[in-house]
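See structure below.
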Amino acid sequence: VAVFLIACKFREWSSPRLLDLAELNPQPCTTAHLREAENFILQQLKWDVDVLTATDVLALLLSFAPKEVATVLRGATDKYIEVGYCSRKVSAFGAGVLAITALRMACDELGLDAAVLDFVPDTRAISPAHVQECLVLLGSYVALHAMAAQNMAAREDVSEQVLSGAMLAT
């Protein structure tokens, strides 16, 4: 149950309540037991969970944006950040680069001009070259996985057609 809790925290905005998880456990369990188990697992894995994530950076950046712009960009940027964290190469760029890359990809997807991102401050801490490299990698990663998903859907459609044809023939 503690591992499930840690996995849920990967999606920071959808972690379950500790009390609910304690009730799901088949063994008697308290929220204190869950916290202890979570801390034990994190220590054993030597995971530093006290780091700034791309989701944190994105939330901060979007707080500088006009409300309408933030609302439009939120869903697409969250998607790109989640996908980016599935690639070791992309996530290695760091939180700031991934957040800015997600914003740029969201603009492209939504057909928005890059000037919409005028709320993103220029900083020397984030190299434009790294953002460009991350854009290429994440774009390739998304395209590859989107193509795989389309191929899977096409195979499922063919299978359904074959099954339907076989049922009609009988």
Side-chain angles (χ1 to χ4, degrees), residues 2-18 21 35 37-157:
V3 172
F4 176 72
L5 175 63
I6 294 168
C8 289
K9 288 182 177 180
F10 180 72
R11 289 189 59 140
E12 298 160 28
W13 57 90
S14 64
S15 294
R17 291 181 9 196
L18 284 176
L21 288 177
R35 283 273 184 234
E38 179 185 22
N39 288 331
F40 176 78
I41 292 166
L42 293 172
Q43 287 172 356
Q44 293 302 306
L45 295 174
K46 297 179 175 58
W47 282 3
D48 180 7
V49 294
D50 210 14
V51 296
L52 188 66
T53 67
T55 304
D56 296 329
V57 174
L58 178 65
L60 180 62
L61 290 174
L62 288 177
S63 74
F64 300 134
K67 189 174 185 169
E68 310 79 44
V69 172
T71 301
V72 168
L73 290 173
R74 170 57 76 183
T77 52
D78 286 343
K79 171 183 67 181
Y80 287 119
I81 286 174
E82 280 193 47
V83 171
Y85 276 137
C86 293
S87 165
R88 289 179 193 223
K89 288 181 180 178
V90 172
S91 61
F93 279 98
V97 171
L98 181 52
I100 292 172
T101 299
L103 284 165
R104 293 209 19 214
M105 290 185 76
C107 282
D108 289 347
E109 176 186 322
L110 299 169
L112 301 174
D113 189 82
V116 167
L117 300 179
D118 63 353
F119 60 89
V120 177
D122 288 332
T123 176
R124 291 185 182 156
I126 298 176
S127 159
H130 285 150
V131 172
Q132 188 59 39
E133 189 178 347
C134 189
L135 271 167
V136 171
L137 277 173
L138 184 54
S140 298
Y141 190 81
V142 168
L144 175 70
H145 287 63
M147 190 182 327
Q150 288 172 344
N151 289 340
M152 188 183 311
R155 283 193 301 269
E156 288 173 0
D157 288 345

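- Shown here are the side chain to side chain contact (heavy atoms under 4.5 Å, CB included) partners of L60, two or more places apart in sequence or in another chain: S63, F64.
- Here the closest non-hydrogen pair linking I81 and A54 is CD1-O, 3.7 Å.
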Side chains of residues 130-138: which donor-acceptor pairs under 3.5 Å do they make with residues two or more places apart or in other chains?
from: Q132; atom 1: OE1; to: R104; atom 2: NH2; distance (Å): 3.4

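- How far CD of E38 is from CG of L18: 7.0 Å, rounded to the nearest 0.5 Å.
- Minimum heavy-atom separation, S91 to Y85: CB-CD2, 3.7 Å.
- No side-chain donor-acceptor contact under 3.5 Å links D78 to the backbone of G75.
- Expressed to the nearest 0.5 Å, how far CG of L103 lies from CZ of R74 amounts to 9.5 Å.
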Taking only distance into account, with no hydrogens and no angle test, what donor-acceptor pairs under 3.5 Å do side-chain atoms of residues 105-119 form with protein atoms, sequence neighbours excluded?
from: E109; atom 1: OE1; to: K79; atom 2: NZ; distance (Å): 2.7
from: E109; atom 1: OE1; to: Y80; atom 2: OH; distance (Å): 2.7
from: E109; atom 1: OE2; to: K79; atom 2: NZ; distance (Å): 3.1
from: D113; atom 1: OD2; to: A115; atom 2: N; distance (Å): 2.8

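- Of the residues L61, T77, L58, the one that meets the side chain to side chain contact (heavy atoms under 4.5 Å, CB included) test with I100 is L61.
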